[in-house]
Amino acid sequence: MPRLSEYLLPTEKQPPADAEALSHKLMVRAGLIRQLGAGMWTWLPAGWRVHQRVVAIIREEMDAIGAQEMLMPVLQPAEPWRKTGRIDIEELFKLNDRKGSELVLAMTHEEAVTTHVAQIVRSYRDLPLILYHFQVKERDEPRPRAGVLRTREFVMKDAYSFDRDPAAMEQSYELHVGAYDRMMARTGLRFYRVQGDVGMMGGVGAHEYMAPCAAGEDQIVLGAGYAANAEVALDDPQVEHVNGEYARGGERLSVEPAIEIANIFKLGTRYSDALGARFLDDAGAEQPVWMACYGIGPARIVAAAVEQFADEHGISWPRALAPFAVHLVALGKPGTPERDAADALYATLGEGGVEVLYDDRDLGPGEKFADAELLGCPLRLTVGRRSLESGEIEVQLRRGRVQAPGLPLAGEPEQLLAAVDELWQSLP
RNA sequence: CGGGGAGUGGCGCAGUCUGGUAGCGCACCCGGCUGGGGGCCGGGCGGUCGCAGGUUCAAAUCCUGUCUCCCCGACCA
């Protein structure tokens with residue numbers, strides 16, 4: 001586990017001059033991300049840890065419903081995109097290689113996965129099938145914005161289900177609704193699952209997962225037992241819409257801005273028809289494969305978490321996403337007894353499997369505390385001269401900046417680790 | 001694509017109107033002090049002022065072109 005004196009965490013006192021969105025400002029200030037160009041972002045080590053936390057949650061829930069992870073290329077031949085008609089989408093990056101062959105940079109992977117399934121799947125015995133990968137998506141966005149919220153390149157987990165008929169597709173879809181509900185809950189975010197637009201994917205039904213926050217680009221309409229994308233609510237005959245106000249069955253609905261963090265679609269046979277994905281059913285008749293697709297953007301989940309839980313001092317991660325569980329602050333110069341005590345605690349935590357970031361830099365307490373609160377790890381432990389006097393490690397809970405009872409400095413490692421774990425389990 | 005704004009050291013800015021050879025805060029390096037909320041003193045390093053061309057004795061500053069970035073809108077799996 002890293003020592004801050006050796007770790008690349010470039011924190012800034014001031015946000016970038018051109019940043020507007022809270023998550024944009026804080027993620028740059030906290031040293032999580034850096035910009036390379038419009039809509040092009042680098043994840044620095046601490047930021048990437050958060051990103052990979054989200055990835056791990058998604059992977060576990062996908063694997064739990066029997067989905068199989070794989071990897072498909074971003075650089076693709078144009079031909080399948082011509083067959084599905086998506087070659088004309090303006091957001092699609094198109095290029096030629098040195099021989100003049102037409103290529104695209106994939107914005108999603110329906111064309112690729114369906115091409116493979118068309119070749120591989122021959123029989124109803126090969127179905128159902130759920131395939132997924134985490135892969136970069138490329139989109140020539142007209143206007144990238146708000147840091148990592150809307151970029152031209154981003155990692156998406158996209159999954160595709162392949163079934164023998166509409167009823168089986170519905171089953172796969174429901175399986176994903178369950179998995180998505182669970183992964184969203186595990187991130188610790190506030191979220192809603194709403195009826196979605198079908199959009200450029202084409203298809204027969206969709207849901208979106210929306211995380212309410214100020215920087216959101218979408219509007220969601222909410223009431224008791226009702227949640228919908230504002231665009232969809234307009235088409236709902238049960239919803240009245242007057243002067244920007246929404247009502248349903250006499251109940252006034254609230255409207256909140258939100259980020260779309262995931263998106264699932266019933267595709268039907270649109271792609272399998274275009275790319276020839278067919279199989280023989282148990283009666284020997286040729287049938288099209290029924291498809292659905294399931295996308296989720298880890299970067300947006302990270303940004304949404306920043307937006308939802310930040311305060312005036314910085315980020316406050318839900319524990320499921322925090323880059324480190326513990327931010328250990330050592331006060332006092334190297335060679336002092338208090339520093340020795342901090343070093344010992346760092347070793348104990350590390351050996352106990354606690355994910356700890358150790359601030360061993362030669363800086364004043366103010367800067368260390370400020371950086372810790374900016375980065376937002378759920379637990380901050382401080383060891384300084386006072387700890388030696390009181391015999392206690394100082395504990396601050398990042399959420400709410402609450403001072404918790406101190407932990408014994410000289411106790412048995414097992415007891416200390418158990419106490420830290422108990423604290424950890426109690427956090428949001 | 002329409003509208004608005006901005007490019008000056010790693011970050012945030014002043015200087016541009018009125019041309020005279022680049023400055024401030026932070027950060028960074030060296031030395032010292034300090035050591036529980038971004039502390040202090042002293043000494044330093046670092047910038048072809050986005051790029052190209054033009055005007056001029058002289059251009060960060062004026063002119064022309066161009067690139068890039070941000071915000072609002074349109075768009076958005």
Side-chain angles (χ1 to χ4, degrees), chain A residues 8 10-21 24-25 28-29 31 34-41 84 86 89-92 106-111 135 137-147 149-152 154 156-160 196-203 206-209 215-218 229 231 259-265 267 270-271 292-297 300 313-314 329-339 342 359 361-374 380-390 393-394 396 401 403:
Chain A
L8 185 68
T11 56
E12 298 285 348
K13 284 185 191 173
Q14 287 162 311
D18 49 26
E20 206 67 27
H24 181 185
K25 292 179 183 172
V28 172
R29 284 192 57 212
R34 282 280 164 126
Q35 184 171 24
L36 198 58
M40 297 179 278
W41 288 84
T84 61
R86 295 210 300 173
I89 292 175
E90 287 194 357
E91 283 75 25
L92 183 66
M107 52 196 303
T108 61
H109 282 74
E110 280 78 8
E111 280 76 4
Q135 177 61 291
K137 303 292 175 264
E138 306 286 345
R139 295 183 187 181
D140 193 357
E141 288 287 347
R143 188 157 92 83
R145 62 175 291 272
L149 230 39
R150 181 160 218 88
T151 55
R152 294 196 287 180
F154 59 98
M156 175 191 264
K157 188 285 300 176
D158 41 324
Y160 305 90
D197 248 349
V198 178
M200 74 157 126
M201 303 303 298
H207 285 92
E208 294 168 351
Y209 286 79
E217 299 183 294
D218 294 280
N229 189 311
E231 294 161 24
I259 301 175
E260 180 188 325
I261 48 181
N263 205 318
I264 60 181
F265 294 90
L267 295 171
R270 178 185 160 182
Y271 291 91
C293 69
Y294 315 90
I296 183 167
R300 284 191 172 180
H313 300 277
V329 175
L331 302 179
K333 276 191 282 216
T336 59
E338 57 267 31
R339 178 59 71 97
D359 193 348
R361 296 173 300 175
D362 187 18
L363 292 179
E367 290 165 280
K368 293 190 174 190
F369 292 145
D371 274 351
E373 285 167 4
L374 181 57
R380 188 184 80 196
L381 303 183
T382 304
V383 174
R385 202 174 277 168
R386 280 187 204 165
S387 316
L388 298 180
E389 289 163 7
S390 66
I393 302 157
E394 182 180 306
Q396 190 213 50
R401 297 171 79 227
Q403 195 79 16

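Lettering of chains follows the sequences in order, A, B, ..., and the numbering in each one begins at 1.
Comparing the C1' positions of B/G12 and B/G38 gives a spacing of 15 Å, expressed to the nearest Å. Across the C1' atoms, B/C17 and B/G31 are found 45 Å apart, a figure rounded to whole Å. Between B/G44 and B/U64, the distance separating the two P atoms is 43 Å to the nearest Å. Here, B/C67 and B/C51 have their P atoms 15 Å apart, quoted to the whole Å. Separation of the P atoms belonging to B/G25 and B/C33 is 25 Å when rounded to the nearest angstrom. Rounded to whole Å, the separation between the C1' atoms of B/U68 and B/G50 comes to 7 Å. A gap of 15 Å separates the C1' atoms of B/A60 and B/A6, to the nearest Å. B/A58 and B/A22 are spaced 15 Å apart, taking the C1' atom of each and rounding to whole Å.
Using N1 to N3 plus N6-O4 or O6-N4 for Watson-Crick, or N1-O2 and O6-N3 for G-U wobble, each under 3.5 Å, B/C28 pairs with B/G44. Across all strands shown, B/A52 forms a Watson-Crick or G-U wobble pair with B/U64, both key distances being under 3.5 Å. Partner assigned to B/C69 is B/G5, using Watson-Crick or G-U wobble distances below 3.5 angstrom. Across the strands present, B/G35 finds no partner; the criterion is a Watson-Crick or G-U wobble pair with both atom distances under 3.5 angstrom.
Counting heavy atoms from C-beta outward, A/Gln35 and A/Pro16 have side chains that stay 4.5 Å or more apart. Annotation: side chain of A/Thr382 is in contact with side chain of A/Phe369 (closest heavy-atom distance under 4.5 Å). At a threshold of 4.5 Å between non-hydrogen side-chain atoms, the residues A/Lys333 and A/Arg339 do not count as touching.
Rounded to a whole Å, the CG atom of A/Leu331 is 14 Å from the C1' atom of B/G39. At whole-Å resolution of the value, CD in A/Glu90 and P in B/A74 are 16 Å apart. A/His313 places its NE2 atom 13 Å from the P atom of B/G38, with the value rounded to the nearest Å. As rounded to whole Å, 8 Å separates atom P of B/C70 from atom NE2 of A/His24. Between the CG atom of A/Asp359 and the C1' atom of B/G37 there is a distance of 13 Å, given to the nearest Å. Atom-to-atom, NZ of A/Lys368 to C1' of B/G39 comes out at 14 Å; the value is rounded to the nearest Å. B/C70 atom P lies 15 Å from atom NZ of A/Lys25, rounded to whole Å. Following rounding to the nearest Å, A/Trp41 (CH2) and B/C69 (C1') show an atom-to-atom distance of 11 Å.
Remark: A/Arg150 is not in phosphate contact with B/C75, judged by side-chain N or O atoms under 4.0 Å from OP1 or OP2. One finds a side-chain N or O of A/Arg143 lying less than 4.0 angstrom from the OP1 or OP2 phosphate oxygen of B/C72.
Distances were taken from every side-chain heavy atom of A/Gln35 (C-beta onward) to each of B/G35, B/C69, B/G37; the shortest belongs to B/C69. Nearest nucleotide to the A/Glu141 side chain, out of B/C76, B/C69, B/G37: B/C76. Proximity note for A/Ala38 (side chain, C-beta onward) versus B/G35, B/C72, B/C70: the nearest is B/C70.
At least one donor-acceptor pair under 3.5 Å links the side chain of A/Lys157 to the backbone N or O of A/Tyr294.
A/Arg361 pairs by the side-chain hydrogen bond (donor to acceptor under 3.5 Å, both in side chains) definition with A/Asp359, A/Asp371, not counting sequence neighbours.
Using a 4.0 Å cut-off between a side-chain N of Lys or Arg and a carboxylate O of Asp or Glu, A/Glu12 and A/Arg34 qualify as a salt bridge.
Checked by distance alone, A/Glu367 brings no side-chain donor or acceptor within 3.5 Å of a matching partner on the base of B/G39. A donor and an acceptor atom sit less than 3.5 Å apart, one in the side chain of A/Arg380 and one in the base of B/G37. Under 3.5 Å, the side chain of A/Lys333 and the base of B/G35 form at least one donor-acceptor pair of N or O atoms.
If A/Ala146 and A/Arg300 are placed on RNA chain B by their nearest nucleotide, the residue sitting closer to the 5' end is A/Ala146. Of the residues near RNA chain B, A/Val383 and A/Pro142, the one whose nearest nucleotide (by heavy atom distance) lies more toward the 5' end is A/Val383.
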Please tabulate the protein-to-nucleotide N/O contacts below 3.5 Å involving nucleotides 7-14 of chain B, giving atom names and distances.
{"unit_1": "B/G12", "atom_1": "OP1", "unit_2": "A/Ala17", "atom_2": "N", "d": "3.1"}
{"unit_1": "B/G12", "atom_1": "O4'", "unit_2": "A/Gln14", "atom_2": "OE1", "d": "3.1"}
{"unit_1": "B/G12", "atom_1": "O2'", "unit_2": "A/Gln14", "atom_2": "NE2", "d": "3.2"}

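Within the nucleic acid shown, A/Glu338 has no heavy atom closer than 4.0 Å to any nucleic acid atom. When heavy atoms are screened at a 4.0 angstrom cut-off, A/Asp158 is found touching no nucleic acid atom at all. Nucleic acid contact class of A/Ser387 (heavy atoms, under 4.0 Å, all strands): base. Residue A/Gly384 is classed as a base contact, given a heavy-atom separation below 4.0 Å to a base. Here A/Asp140 lies out of heavy-atom contact (under 4.0 Å) with every strand. Within 4.0 Å (heavy atoms only), A/Phe154 reaches at least one base atom of the nucleic acid.
Within 6.0 Å of the CD atom in A/Glu90, the count of heavy atoms belonging to other residues, nucleotides or ligands does not exceed 12.
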Inset, instruction - Go through A/Arg145 and A/Glu217 one step at a time and tell me if the side-chain contact (heavy atoms from CB on, under 4.5 Å) criterion holds. - result: CA-CA 10 Å; A/Arg145 62 175 291 272; A/Glu217 299 183 294; 2.9 Å; yes
Inset, instruction - Report the C-alpha separation of A/Arg143 and A/Arg150 in whole Å, then their side-chain angles, then the decisive distance to 0.1 Å, and conclude whether the side-chain contact (heavy atoms from CB on, under 4.5 Å) test is met. - result: CA-CA 8 Å; A/Arg143 188 157 92 83; A/Arg150 181 160 218 88; over 6 Å; no
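Listed here is the closest heavy atom pair of A/Ala215 and A/Ala21: CB-CB, 4.0 Å.
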